[in-house]
Amino acid sequence: MFTDRYHAGEAERHWQKVWEAQGAFTASNDDPRPKYYVLEMFPYPSGRIHMGHVRNYAMGDVVARYRRAKGFNVIHPMGWDAFGMPAENAAMQNRTHPAAWTYDNIATMRAQLKRMGLSLDWRREIATCDPSYYKHQQRMFLDFLDAGLVARKKSKVNWDPVDHTVLANEQVIDGRGWRSGALVEQRELTQWFLKITDYAEDLLIGLDRLDKWPEKVRLMQRNWIGRSEGLAVRFALDPAASPAGETELRVYTTRPDTLFGASFLAVAPDHPLAVAAAARDPALADFIEDCRRLGTSVAALETAEKTGYDTGIRAAHPFDPNWHLPVYVANFILMDYGTGAIFGCPAHDQRDLDFARAKGLPVVPVVCPAGVDPEGFAVGEEAFTDDGRMINSRFLDGMPVAQAKDEVARRLEAVLIGGQPQGRRQINYKLRDWGISRQRYWGCPIPVIHCASCGLVPVPRADLPVTLPEDVSFEEPGNPLDRHPTWTRVPCPQCGAAARRETDTMDTFVDSSWYFARFTDPWNTEEPTTPEVADRLLAVDQYIGGIEHAILHLLYSRFFTRAMRKVGWLDLDEPFAGLFTQGMVVHETYRGPDGAWVSPEEVRLEGSGAERRARLLSTGAPIEIGPIEKMSKSKLNIVDPDDIIEGYGADTARWFMLSDSPPERDVIWTEEGVQGAAKFVQRLWRLVNELASLTDGNLPAERGDGKGAGEADDPVALGVLKAAHRALIRVEEDIERLRFNRCIAHIYELSNSLSAVLAEAEEPIGPDSALALAFRQAADILVLVVAPFMPHLGEACWQALGHETLASSTAWPRANRSLVLEDVIILPVQVNGRKRADLTIGRDADVEAIKAGALALDSVQRALEGRSAKKIIVVPSRIVNVVV
RNA sequence: GCGGACGUGGCGAAACCGGUAGACGCAAAAGACUUAAAAUCUUUCGGAGCUAGCUCCGUGCGGGUUCGAGCCCCGCCGUCCGCACCA
């Protein structure tokens, strides 16, 4: 009996050294084998890794190790998303420099990741805050500028008053900054933008081809892009009656069919017409001021009533010059969508209906639902928005909605006013250009110089990188670059006159929008990518990360891929062929008698079920067990990966992370679960050593499959081989579908069945017996399927089995599919859909034989109670159902 | 409000294309080993009827389709996520 314990700490250090010494995970760009690129979203170097990282990287590592064993040249790199505000916050609090803080964190976290035993090619490591990285990003910014993909616009921006910076729309969540949580204010600033909207359509269409992405993510991106088809319509105004002599008002509508149901027009408070009208109407100016104040908070929007102010301006209906519609300024109209103006058709739009009821405007139905008498059809408190037949609409009457839309568009396109059509079909998107300007220090400088005479002058490519100055202070809020005495001063590259550097830095989402491409050739110091290499190694075959990046990062990266193609840095449709979004790591929360959060480390748990109680370790004071929530610093429900690795080993942590919960769902971290994983480590170690000892730890002269797998005469030996190959087939299938929890179940099953056979086997098992050989083959398979999950233990077991190679560099075993086909199968037999018996019958038995066999069973006859079968349904290899 | 996902034992979950519901793990209970504990091993473990065998009930609720429904359809209830005045 083998009794030695497996010492994880020692073994893990050992195998990590061996892997490192052998360069086991380096991937050459010249490798002729097919490539497989596995990537996990790179971490922000916040200080220490957390369990979410462990889960993310454990999943990626299983895929990487599996693909390597399958003969792929696996690209599996790691880097650091290293620019960002926390470094500056830390600098302010601790009087350190953001760079020092960041690089310290990277060193700590790199060491932590190495202790996880990840099969990473560390030679490819990059940090986005390094000039050797952002230099290329600046180069691409200039390329994009040349290619017309950069815009500089004055725009209303989301201003974060705590972080003193601008946020992209995507970074505003419920009206608050995504990082600071501060209520966002609106400010007008001149900003740098990347023209992601140029690709709105392409980004939308591209989603259809991403069939290895979660449908959920594709849907979220689709909604974010927000394509709509409609008509821009010009409504004539009386120039004499309008504030600045305007002759028309342009509105955008997706419902041109309802034009005859119009009862008002409305413009946004910021609309030029509203502003002009306010200039001569103080009450309107007050109204607009009220709207603006409310506009900043989403909470206010939710409760705000639909209000409007009648400007007194009247617009002519496009199909009837004598029909005049009032023009309101309304608080619910957005300036930056469509034209900032609408026509309201209350009967068929809920928002318009609410407004019309409040203002006492007419509600005329123009679409009648199918099967309803148009005479009696009226709209009450609910607008009718579905399809129907047109009514009260002159030449449209009787048409279905789609046809009426088309008819209105056709007619208005044909009418020319001042040489321009009165209506124009238009496609609108909710997607806005990507504002990348940040008034921060710790980011990639935008390589542009402002010259009084030459205007905006790009930094010459030869002068890149524009590096961040090191002598900065964070004593005051705002951007330290702005007040830097020398860095900002620079001669104009064109005229040589004194000029000033751009002090905005780029949004950190720019850094992460192309790092996957940089990983393909980080050794190219001259250019962002080596296009030939990038094209060969991309796309990323499997990308793994959190759902929180479903829109921001993934959309930006898709845009960047298109922009980089335009300027020649790669030639690729989509950056990430396969995407997987994993769930969070969650943990119980604990609160002390004073209501303060208590960390799991300080808690002792007693009892189980309803009797389960928690006490404070130090004093024994009762602790309230709270809901299970995402691990977070604020709730103290954090378990530090280092402690787990120290106490149990990295393999145990990885194994537990991937067992139980499906990877896309949240996993609950429990001490019991970890202990269960740790027990399995020992159990596997004992089992493998016992199996190894069957042949005295030496590889048998004839390998287990030497006789030809499946040809063992001994039925017990054959059973062992079948179990191993069945598990192998299932693990393989489930790794490919990223169903790691199922893989682990299959491994448990194999390990359990080998243990059971071993326990029942008659002693002694001769070293050359069929059973010993079968066990040896099964042990090899068991260890090789475990290795991607618990790589250190895998190596140790592989060695114990007498192999001199590394498990990490051993080919994935070949499953013998014919072996697992049973000659005799057990078919469940139902009577009237209820299972009554099992029929043991040959695999190839024909339908008649199966029917006869089923009817012959005692329990079937008993269930028939003398009745005769009306019908017998036989689903081959599945089931038999006897119907009476 | 709009869109989407989900709902299965004490718990995490499995169940492929409509075919034996609960694999695997955790917790629990009993037993073996031990002076004892831990570890390990064995057994039990959805509910009810009397233990065995067996029977009935059981996948949020109510209907339906089907030889057969956790899975498909209709109507509810609940939970979670995303978007949110987008004309």
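Rounded to a whole angstrom, the distance from the P atom of B:G1 to that of B:C24 is 45 Å. Rounded to the nearest Å, the gap between the P atom of B:A13 and that of B:G64 is 32 Å. Spacing of P atoms, B:A38 relative to B:A32, comes out at 14 Å, to the nearest Å. Nucleotides B:C17 and B:C86 have their C1' atoms positioned 41 Å apart, rounded to a whole Å. The same atom, C1', is picked in B:C61 and in B:G7; the two are 11 Å apart, to the nearest Å. Rounded to the nearest Å, the gap between the C1' atom of B:G10 and that of B:C45 is 11 Å. Atom P of B:U65 sits at a distance of 24 Å from the matching atom of B:C77, rounded to the whole Å. When the C1' atom is compared between B:U59 and B:G47, the two are found 14 Å apart, to the nearest whole Å.
Atom NE2 of A:H746 and atom C1' of B:A23 are 9 Å apart (whole Å). Between A:Y337 atom OH and B:A84 atom P there is a gap of 13 Å when expressed in whole angstrom units. Protein atom NZ of A:K835 is 14 Å distant from nucleotide atom P of B:C56, rounded to whole Å.
When Watson-Crick and G-U wobble pairs are counted only if both distances are under 3.5 Å, B:G18 pairs with no nucleotide at all. Base pairing of B:G70 is not made with any nucleotide, judged by Watson-Crick or G-U wobble geometry with both donor-acceptor distances under 3.5 Å. Here B:C24 sits opposite B:G12 as a Watson-Crick or G-U wobble pair (both hydrogen-bonding atom distances under 3.5 Å). Nucleotide B:A39 has no partner under the Watson-Crick or G-U criteria, as no pair reaches both atom distances under 3.5 Å. Under the Watson-Crick or G-U wobble criterion, with both distances below 3.5 Å, B:G7 is paired with B:C77. Pairing for B:A48 is with B:U55, a Watson-Crick or G-U wobble pair whose two hydrogen-bonding atom distances lie under 3.5 Å. In this structure, B:G82 forms a base pair with B:C2, meeting either the Watson-Crick or the G-U wobble geometry with both donor-acceptor distances under 3.5 Å.
Looking at heavy-atom distances under 4.0 Å, A:K870 makes no contact with the nucleic acid at all. Residue A:E672 is classed as a sugar-phosphate contact, given heavy-atom separations below 4.0 Å to backbone atoms only. Using a 4.0 Å heavy-atom criterion, one finds that A:N752 contacts the sugar-phosphate atoms exclusively. Residue contacts for A:S228: at a heavy-atom cut-off of 4.0 Å it reaches the sugar-phosphate backbone alone, with no base atom in range. Note on A:D352: nothing from the nucleic acid sits closer than 4.0 angstrom, heavy atoms only. Contacts of A:I333 with the nucleic acid, taken as non-hydrogen atoms under 4.0 Å apart, include base atoms. Within the 4.0 angstrom heavy-atom criterion, no nucleotide atom of any strand lies near A:D349. Counting non-hydrogen atoms under 4.0 angstrom, A:T254 reaches the backbone sugars and phosphates but no base. Using a 4.0 Å heavy-atom criterion, one finds that A:Y252 contacts the bases of the nucleic acid, with or without backbone contacts as well. Contacts of A:L219 with the nucleic acid, taken as non-hydrogen atoms under 4.0 Å apart, involve only primed sugar atoms and P, OP1 or OP2. Residue contacts shown for A:K216 are limited to sugar-phosphate atoms, with no base heavy atom under 4.0 Å away.
OP1 and OP2 of B:C81 both lie 4.0 Å or more from every side-chain N or O belonging to A:R665. Phosphate proximity of B:C86 to A:R351: present, with a side-chain N or O under 4.0 Å from OP1 or OP2. Between A:R739 and B:C24, a side-chain N or O to OP1/OP2 separation shorter than 4.0 Å is absent. At B:C11, none of the side-chain N or O atoms of A:T670 fall inside 4.0 Å of OP1 or OP2 (strictly under the cut-off). At B:C85, none of the side-chain N or O atoms of A:N331 fall inside 4.0 Å of OP1 or OP2 (strictly under the cut-off).
Between A:Q675 and A:I744, the residue whose closest nucleotide on RNA chain B is further toward the 5' end is A:I744. Positionally, the nearest nucleotide of RNA chain B for A:R836 lies more toward the 5' end than for the other of A:R836 and A:R255.
A distance of 11.0 Å separates CE of A:M59 from CZ of A:F789, quoted to the nearest 0.5 Å. Atoms OH and CD, from A:Y648 and A:E671 in turn, are 3.5 Å apart once rounded to the nearest 0.5 Å. Considering CD of A:E381 and CZ of A:R357, their distance stands at 5.5 Å, rounded to 0.5 Å. With rounding to the nearest 0.5 angstrom, the CG atom of A:L249 is 10.5 Å from the CG atom of A:L325. Here the OH-CH2 distance, from A:Y6 to A:W685, works out to 7.0 Å after rounding to the nearest 0.5 Å.
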Given side-chain contact (heavy atoms from CB on, under 4.5 Å), test A:L203 with A:I196 step by step and report yes or no.
CA-CA 9 Å; A:L203 287 166; A:I196 190 170; 3.8 Å; yes
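There is no side-chain donor-acceptor pair under 3.5 Å between A:N637 and A:T589. No side-chain donor from either of A:S228 and A:N428 sits under 3.5 Å from a side-chain acceptor of the other.
For B:C17, the base is syn relative to its sugar; the glycosidic angle is within 90° of 0.
With hydrogens and angles ignored, a donor-acceptor pair closer than 3.5 Å exists between the side chain of A:Q830 and the base of B:G19.
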